[in-house]
Amino acid sequence: SAGSSTADHFPIVTSSAEMLANGTYGNISVIIAPYSSTLTPIAAAAVSSSGIPMVAAQAAASSVYTCASVNDTGCAGKAVGDRRFASLFGVLPTAETYLDGTLQLLAAAGVKTVGFVLESSKTFSQATCAGAKITAKALGLTMMYEYNITADTLSVEEAASVATNASASGVEAVLGCTYLATAIAVLEGYAEAGVGMPNALGMTGIVTANTASTPAVMAANNLQYVLGPASWSAELSGAGYTVPLAAVSQFNLFPANAGEASATLFNSSYTNKFGLEPIPQAVQYIGALYAVATALMNTPNAGSAAIVSTLQETDIASPFGTVGFGASGNDATKPMINFQWNAALELEVVAPEASKTMNFVYPIPPMSTTSVGTAGSNVTTVVTTSVSAATTSVGTVTTDGTDTTSVGTDTTSVGTDTTSVGTTGSSVSTGVTTSVSATSSDSSTVSATIVTSSPAGESVVTKLQNGCTSNGATFNGTYTVG
């Protein structure tokens with residue numbers, strides 16, 4: 001609930017799990033664990049004495065499955081590293097490996113310094129950054145900045161301070177061990193601080209099919225070339241993502257057919273039903289349910305011990321990919337997929353090599369400059385407009401490049417295609433055409449100042465719709481629209 005912390009849910013999780021295990025809701029064969037690495041061991045501890053197997057779709061920290069301390073619940077009489085709960089299984093790789101691929105990309109690109117932002121109250125975030133620091137050191141990277149978020153949520157003001165301090169440290173790449181809400185707040189913080197993006201920004205939790213359309217992300221306007229790991233993509237194919245019809249004949253969910261992998265079929269079905277592509281978490285639950293359904297089909301009317309034994313031997317294909325469990329109960333082999341948004345805010349796979357759809361872009365290109373005209377030519381165009389009449393209709397600017405357009409007191413950062421602006425009557429050509437159309441309810445005067453610049457030695461031609469032309473770096477013109 002609003003204002004509550006994760007710890008506030010512990011009693012609820014414990015009592016709910018106990019009721020599932022003690023028969024309050026009838027004879028339960030398998031329990032699906034709650035969301036997060038923090039809550040899953042709470043639930044597992046509550047049901048462990050019953051022997052009923054529990055399958056986690058959303059718990060990745062290794063401490064959920066192995067004893068990090070002999071004082072952990074479930075670790076009495078065990079050694080550090082022993083399996084924590086005999087009947088707990090998880091479909092995710094360990095959180096400690098989530099940023100390995102991201103760090104490998106950065107090291108290969110020549111990055112020498114990294115900084116970390118983590119949610120220190122979250123088990124998953126702690127585990128992710130702990131593993132990432134080990135990997136960074138092994139790759140020869142130096143940690144120059146670290147920030148611990150102690151609250152359950154990150155405010156934009158705090159995020160702006162994080163961005164300012166990270167920028168001041170000179171760190172090349174900033175990595176977030178975060179959940180989605182915090183990752184979005186980091187983007188908002190960079191926008192609020194106005195310090196510019198680091199050379200690379202990568203965060204866990206940020207990759208979903210719908211991140212780019214989130215209002216806060218759209219307002220921040222800095223998602224381009226941000227990267228992050230995820231466990232799944234609709235485009236993945238191969239043996240682990242191809243469910244044979246015979247394997248799912250009794251529940252018939254997304255068997256591969258007509259050359260389409262099960263991942264693609266699930267993505268299409270989900271999108272058709274809900275109008276949005278699934279986030280990775282949705283598919284992770286599908287992987288967990290495949291494992292449960294297969295175990296129950298293979299051990300009909302069996303007791304908990306037999307189901308646990310069958311789950312331990314799981315090795316199946318699913319829309320989520322291959323599902324199998326290691327000696328500690330979690331998946332120890334599934335690789336993470338590394339994504340990066342391109343300039344058009346489309347998600348691209350940049351690693352692993354066999355699955356990539358785009359080369360990793362480093363550093364993040366400046367937002368204010370783009371290549372236009374002939375190769376190697378950089379032209380920055382700024383259009384500033386002012387309108388004297390109060391009743392005017394809105395025009396559009398279409399541009400190839402990255403411009404900044406100011407309208408009255410509003411400022412809009414223009415991406416690579418189209419944005420709406422106020423009234424003006426100018427067009428700017430910078431190797432490609434930027435056009436503005438507008439109407440006015442009276443004969444108000446519209447003044448437009450167009451400033452163009454280019455590297456020394458390259459010509460610039462500025463032309464207004466009324467036919468005035470100027471050769472040079474700057475042209476100012478005023479005319480009347482009726």
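The model shown is predicted, which means the values in this text are computed figures rather than measured ones.
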(message) Test side-chain hydrogen bond (donor to acceptor under 3.5 Å, both in side chains) on Ser268 and Thr271; report intermediate values, then the result.
(response) CA-CA 5 Å; Ser268 298; Thr271 303; over 6 Å; no
Test side chain to side chain contact (heavy atoms under 4.5 Å, CB included) on Leu175 and Met203; report intermediate values, then the result. CA-CA 5 Å; Leu175 299 180; Met203 297 179 284; over 6 Å; no
Margin query: Does Val207 form a side chain to side chain contact (heavy atoms under 4.5 Å, CB included) with Trp341? I'd like the steps, not just the answer.
Written below: CA-CA 9 Å; Val207 176; Trp341 277 273; 4.3 Å; yes
- Message: For Phe320 and Tyr285: C-alpha separation, side-chain torsions, deciding distance, then whether ring-ring contact (aromatic ring centres under 6.0 Å, His included) applies.
- Response: CA-CA 9 Å; Phe320 179 56; Tyr285 277 102; over 10 Å; no
Just do the side-chain hydrogen bond (donor to acceptor under 3.5 Å, both in side chains) check on Asn330 and Ser328 with the steps written out, would you?
CA-CA 6 Å; Asn330 62 320; Ser328 297; 4.6 Å; no
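Residues Glu172 and Thr113 have side chains that bring a donor and an acceptor to within less than 3.5 angstrom of each other. Looking at Thr310 and Asn298, their side chains never bring a donor and an acceptor atom within 3.5 Å of each other. Judged purely by distance below 3.5 Å, without hydrogens or angles, the side chains of Glu158 and Tyr147 pair a donor atom with an acceptor atom. Checked by atom type, the side-chain pair Thr128/Ser125 shows no donor-acceptor distance below 3.5 Å. Donor-acceptor pairing under 3.5 Å is recorded for the side chains of Thr24 and Asn22. Checking Thr123 against Thr38 by side-chain atom types alone, a donor-acceptor pair falls below 3.5 Å.
Looking only at distances, no side-chain donor or acceptor of Ser161 sits under 3.5 Å from a matching main-chain atom of Glu157. The closest donor-acceptor contact from the side chain of Lys78 to the backbone of Arg83 lies under 3.5 Å. Judged by distance alone, the side chain of Trp232 and the main-chain N or O of Pro319 form a donor-acceptor pair under 3.5 Å. No donor-acceptor distance shorter than 3.5 angstrom exists from the side chain of Thr40 to the backbone of Ser37, with no hydrogens or angles considered. Remark: the backbone N or O of Ala166 is paired with a side-chain donor or acceptor of Ser169 at under 3.5 angstrom.
Distance CD/Glu119 to CD1/Ile149: 5.0 Å, rounded to 0.5 Å. Here CG of Asn342 is found 8.5 Å from CD of Gln340. Values are rounded to the nearest 0.5 Å. Separating the CG atom in Asp331 from the OH atom in Tyr65 is a distance of 9.5 Å, to the nearest 0.5 Å.
Here Glu348 does not pair with Lys356 in a salt bridge; the nearest charged N to carboxylate O distance is not below 4.0 Å.
Note: Tyr98 and Phe124 have perpendicular aromatic rings, judged against thresholds of 30 and 60 degrees for the angle between ring planes.
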